[in-house]
Amino acid sequence: MISLTLRFYGDLKELLLISHDGMPVHRRLPLPTSVKDLIEGCGVPHTEVDLVLVDREPASFSRLVEDGEYISIYPPFSTIELPSGQRLQQPLSGPARFLADVNLGKLAWYLRMAGFDTAYRNNAEDRELLEQMEEEKRILLTRDRKLLMHNAVEHGYLPRSDDPVEQLQEVFGRFHLLRETAPFTRCPHCNGRLRQVAKEDIIDRLEPLTKRHYQTFSQCPDCGQVYWSGSHLRRLDPRIRELLTTG
Ligand SMILES: [Zn+2]
């Protein structure tokens, strides 16, 4: 039998599916297991963990644990820069692109509004999501822990809040999106890249008041939706407006 002590830090404590009272957790295992399986057995997907120390030494997810070890588990730090060799979350190799699961439609909408390439289908199965994530090198956003625990998931995030605006704030914080925003450049309906369109080309589609008050328009080449500056901003939650305008 292998006896271990685990200590989860930061908001990882809130993800634990075992009772802990904020204190270190004791686990007994019949067989050696990897750090990844050990942590995920407590309810925390590997995507949420950026540093693991085993008896104060940095460890990889694949390391096998041994009897008597003390394991400290940390979320990504926003204020401390870790040596890259110690970080378990690898930096993104290109611009942040997302794939939202079926329950995160509103978050997908907001990410597109902020200009981020975000794939979303409301009927995708887990297998299809994982395939698309790998093929298109997207960050998987889901509240399904089992899905995030797949080995194939290199970059992923489990939104903590039920509120889509707070989920957007979380994703911005986790992937440092503030400086990469390109508000109103992407179609929130279908993820198409908007392009400028001459007013006379779409004038027959405009309501009389829009026709009178707006001069600059863009259109989605994929679904044909027409946008003008007021159409995006109307009724927008002030918290989102702040994220979109402070980049
Ligand atoms: Zn569109």
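The model shown is predicted, which means the values in this text are computed figures rather than measured ones. Note that ligands are numbered from 1 as they come in the structure, with each ligand's atoms numbered from 1 the same way.
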Decide, yes or no, whether a salt bridge links E69 with R63 under the criterion of side-chain N to carboxylate O below 4.0 Å.
-> yes
Residue pair Y157 / E48, side-chain donor-acceptor N/O under 3.5 Å = no
Pair T118, R112: side-chain N/O donor-acceptor within cut-off below 3.5 Å = no
Can you tell me if an N/O/S atom from H189 lies under 2.8 Å from the Zn ion (ligand 1)?
-> no
C223 atom SG and C187 atom SG as seen from the Zn ion (ligand 1), angle to 10 degrees | 110°
Once rounded to 10 degrees, what value does the angle at the Zn ion (ligand 1) take between SG (C190) and SG (C220)?
-> 100°
How far apart are the closest heavy atoms of R143 and D162, and which atoms are they?
-> NH1-OD1, 2.7 Å
